[in-house]
Peer 1: 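First the structure, which I've put down as structure tokens, then a few questions once you've had a look.
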Amino acid sequence: MALLELDDVHVYYGNIHALKGVSLTVDKGEIVTLIGSNGAGKSTTLKTISGLKHPKQGKITLEGKRIDAVEPHRVVTMGVCQAPEGRRIFPRLTVLENLEMGAFHRNDKAGIVEDVERVFELFPRLRERRRQQGGTLSGGEQQMLAIGRALMSRPQLLLLDEPSMGLSPILVETIFQIIQEIHAQGTPILLVEQNALMALQVAQRGYVLQTGRIVLQDTVENLAQNEMVRRAYLGET
Amino acid sequence: MAHDGVESVNIDFRALLTKVKASGADLVYGGFLVDSGGPQIAQQMDALGMFKAGVKFMSEDAMYSDAVPKAVSPEALNGNLYVTFSSPALDQLPTKTGQNFYKNYKAKYNGDPIGWSIYSYNAMLVILDSIKRAAPQIDAAKDVAAKRQAVLDAMTATKDLEGVAGPITFDKNGDVVTALFSGFLFKDGKYVWQRNISGDMKCQ
Amino acid sequence: MTQTELLIQLLINGVTIGSYLALIALGYTMVYGIIELINFAHGDIYMLGFMISLTLLGVLGVRGTLGGWELWAVLIGVMLATMLCTGLLNMTIDRLAYKPLRRAPRLAPLITAVGMSFMLENLAMIWKGSSQIFYPNVFPMIDIPNQVLGMKTNVLFTTKDVLLIGVTVPLMVGLSLFIRNTKMGKAMRATAQDREAAALMGIDAENVIRTTFFVGGALAGTAGMIVGLYLNTGRYLMGFDAGLLAFTSAVLGGIGNVTGAMLGGFFIGFLQAFSDQYLSSEWTRIIVFTTLILVLVFRPSGLLGQRTPDKL
Ligand SMILES: Nc1ncnc2c1ncn2[C@@H]1O[C@H](COP(=O)(O)OP(=O)(O)O)[C@@H](O)[C@H]1O
Ligand SMILES: [Mg+2]
């Protein structure tokens, strides 16, 4: 049984039919990437998994348990946490407080302290700035904070929505290294990216989303060879 | 002498009263109502120690009510609250109508009438008298509007009708010509009549 | 009264008026911070704090001044019970009148808030009548400079002023600490800053909103009781007037900003005291609202407000 499974998920914004039957799976130990151009429905997919949107049709299961009608804060308790698009850190909470919010549903004080330490090891920059307000961080630091904050819930599955967006090439490298490190430490990841080049390097499998439909799914090696992917997402002519 | 105003929904007048206190005024006079500000003013004058310092509080007929000492406290008001009222003291009512009214009211309600009771009794007397005098015109009138007009005409023509506190006559504006006022001081738990004041405000 | 005495008296008046306005203003600003709603019924929660505590004192048979342990037991007991009642009441109002409209356009809950305010005022009028209501003089009033310190002054500063400040200021400090340091307080700030992101972190926004209404209601209820003890008088419309001034305080301080609301409350308190003295109390409302307009023209987000519309 897959860790996460979406089965024929349809999602609407009013009359806008944003997801038109999306099916995908993520297994334990995987990084799976979801690529697609702007407006394809990538963020909507993650929002639906997190419970911010509820599908009109289809089902979502986490280790066999239905989660498609569950409220977002309960989805976190069940083990799925998201670093949303645009980082969405709390600008007037300190770095440390932002991390504490990631651990909101937990009550194990010692474990939380341990995980803060783990986040600081992953992102030493955050340690230096831990008393600073989140809004005063640079874009890259905010992204680190957003990922760190999501890790604080000790997720069984981490959802990342365009973590490389708006970052300099060097920072993009760093972020992707850290994504691999998190994965190596045992957290499966569903990675949404427009930067297909990087995404296909770190993931094992990938899905291509176009206007609300999965049009392609394969291993990253095969996707990287695919004519359409090369033209549309890897910028080749 | 100084003049100031209050918001009827406010309940905290200490800032204003501090100013009055600092001015060294001897008397606070205000056209208050029982349920908007009047009792609060009295109470906060007491809290600020103004009554102890000899300042008096004076208001009009709308404060001539048992509700005031009930809302403040009879001790605080003792000897400090003056009210005016447009009738003589109840036991000095000059007319037969007034004396009867007072006797019957006491028998029926087991207590003294307040200002408004007298006003409404007078008003009813005027209405009944007007209808009575207009009876021929009412009978002659063709429609309801004309009947009403007849009563109204009779009412404005009211002259020397015996009311509770004296004869009632209206001038051409519909104002009462012969108003009689009296002043009361709140003392030992009740309003004690002090003196009559005629309609032209001369003390008698 | 000498000029110095007068000035000191005005400062005392400003602080006392300001301290209960600030306590009420907190409820406006906290709710606005979380759900961007101006809870017009909030002033009436303050009024109901007055009425409820009055009823509780009546049930306990308290009619006059108390002393010793009895005083403190009654004060603390009635205060806690009042806070509980007004807190739950405010929560219920949210549940009935605002929660069903959480996703509706902003104007909708604003209108139900105005409606709620009228309802509470009228219920209070039916319950306690439309006249002024006498509140028992439970707390002993001792003139501190004259009777305790042996000074001879016209400045009036009594044990009641101490009570008022001694209850309101610690509550404000307590609230600040609560918001700054507790997990729930941080969750409130997080929710105010980004409700969706907070949900993604496992924070139940509805629970935060309930807590906010409870805390705001409890503070307003305390203000109502303290004003009762302090002024010994109240009326079913008292929440309208105080609510308007407290709301102005919150906006002045930067709506959504807790420290701003407290500052705004004291600011309006002083403004009222000085305007009543040196201008005329007929002008006080005009002065208050002119100041509000001026502040909003030159600093649209209030004295302490952030430039962005989100706060806490
Ligand atoms: N809040 C919204 N209201 C209406 N339409 C939306 C909303 N969010 C997204 N959409 C629409 O849904 C589609 C998918 O959007 P999104 O999931 O954000 O795409 P992506 O993340 O792949 O860029 C787009 O057509 C977008 O316009
Ligand atoms: Mg997106």
Side-chain angles (χ1 to χ4, degrees), chain A residues 14 43 46-53 70-107 109 112 133-136 142 145-155 158-161, chain C residues 29-30 32-36 99 102-105 176-212 253-261 301-312:
Chain A
S43 297
L46 291 198
K47 281 183 185 170
T48 310
I49 298 169
S50 278
L52 289 173
K53 297 286 299 171
V70 176
E71 288 300 303
H73 64 273
R74 298 270 309 132
V75 172
V76 179
T77 336
M78 294 172 79
V80 180
C81 198
Q82 178 178 169
E85 184 175 350
R87 297 136 198 170
R88 306 285 286 269
I89 54 141
F90 304 116
R92 280 179 308 290
L93 256 51
T94 65
V95 167
L96 203 57
E97 285 170 339
N98 265 282
L99 294 179
E100 284 172 36
M101 287 301 102
F104 186 77
H105 70 94
R106 295 169 56 183
N107 287 314
K109 274 224 167 75
I112 293 175
Q133 291 203 334
T136 65
Q142 289 194 9
L145 181 55
I147 298 176
R149 184 180 66 173
L151 283 177
M152 288 300 297
S153 72
R154 281 207 182 158
L158 179 63
L159 311 178
L160 298 178
D161 196 347
Chain C
T29 226
M30 285 168 65
Y32 187 87
I34 306 273
I35 55 172
E36 297 186 5
K99 189 172 177 228
R102 209 73 94 206
R103 280 173 226 289
S176 300
L177 292 176
F178 171 76
I179 290 178
R180 174 142 357 127
N181 296 325
T182 64
K183 193 166 158 181
M184 191 32 125
K186 289 173 194 171
M188 281 174 156
R189 283 150 61 206
T191 309
Q193 290 170 30
D194 189 335
R195 186 165 356 156
E196 201 173 78
L200 287 177
M201 292 307 115
I203 297 168
D204 180 358
E206 284 304 325
N207 190 27
V208 168
I209 294 171
R210 276 194 295 276
T211 312
T212 307
I255 189 135
N257 186 304
V258 167
T259 321
S301 45
L303 293 173
L304 293 190
Q306 258 84 24
R307 206 152 293 148
T308 44
D310 46 9
K311 39 301 91 180
L312 271 188

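Not measured: the values here are computed from a predicted model. Numbered from 1 within each chain, the chains take letters A, B, ... in sequence-line order.
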Peer 1: Supply the atom-to-atom distance C:Lys183 NZ to A:Asn107 CG, rounded to the nearest 0.5 angstrom.
Peer 2: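 Here the interatomic distance stands at 4.5 Å.
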Peer 1: Count the heavy atoms belonging to other residues, nucleotides or ligands that lie under 6.0 Å from CZ of C:Arg180, then report whether that count exceeds 12.
Peer 2: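 Result for CZ/C:Arg180: open.
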Peer 1: If you round to the nearest 0.5 Å, how far is CG of A:Leu93 from NZ of C:Lys186?
Peer 2: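 Going from the NZ atom of C:Lys186 to the CG atom of A:Leu93 covers 8.0 Å.
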Peer 1: Between C:Leu200 and A:Arg88, is there a side-chain heavy-atom distance shorter than 4.5 Å?
Peer 2: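 No, every pair of side-chain atoms sits at 4.5 Å or beyond.
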Peer 1: So which of A:Arg149, A:Glu100, A:His105 has the largest heavy-atom pair count under 4.5 angstrom toward chain C?
Peer 2: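 Going by pairs under 4.5 Å, I would pick A:Arg149.
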Peer 1: Please output the side-chain donor-acceptor pairs of residues 70-81 of chain A that fall under 3.5 Å, not counting sequence neighbours, one pair per line with the distance.
Peer 2:
from, atom 1, to, atom 2, distance (Å)
A:Thr77, OG1, A:His73, O, 2.9
A:Thr77, OG1, A:Arg74, O, 3.3

Peer 1: What heavy-atom pair brings A:Lys47 and C:Glu196 nearest, and what distance separates the two atoms?
Peer 2: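 Of all heavy-atom pairs spanning A:Lys47 and C:Glu196, the closest is CE-OE1, 4.1 Å.
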Peer 1: Using non-hydrogen atoms only, which part of A:Gln82 is less than 4.5 Å away from chain C: side chain, backbone, both, or neither?
Peer 2: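 Contact with chain C: backbone and side chain both.
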Peer 1: Dump the intermediate steps for side-chain contact (heavy atoms from CB on, under 4.5 Å) on C:Met201 and A:Phe90, then the final yes or no.
Peer 2: CA-CA 11 Å; C:Met201 292 307 115; A:Phe90 304 116; 4.2 Å; yes
Peer 1: What residues, two or more places apart in sequence or in another chain, satisfy side-chain contact (heavy atoms from CB on, under 4.5 Å) together with C:Ala187?
Peer 2: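 With neighbours one apart ignored, the set is A:Met101, A:Phe104, C:Met184, C:Ile203, C:Val208.
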Peer 1: Who among C:Ala190, C:Ala198, C:Ala199 has the most heavy-atom pairs with chain A under 4.5 Å?
Peer 2: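 Max contact count across the listed options: C:Ala190.
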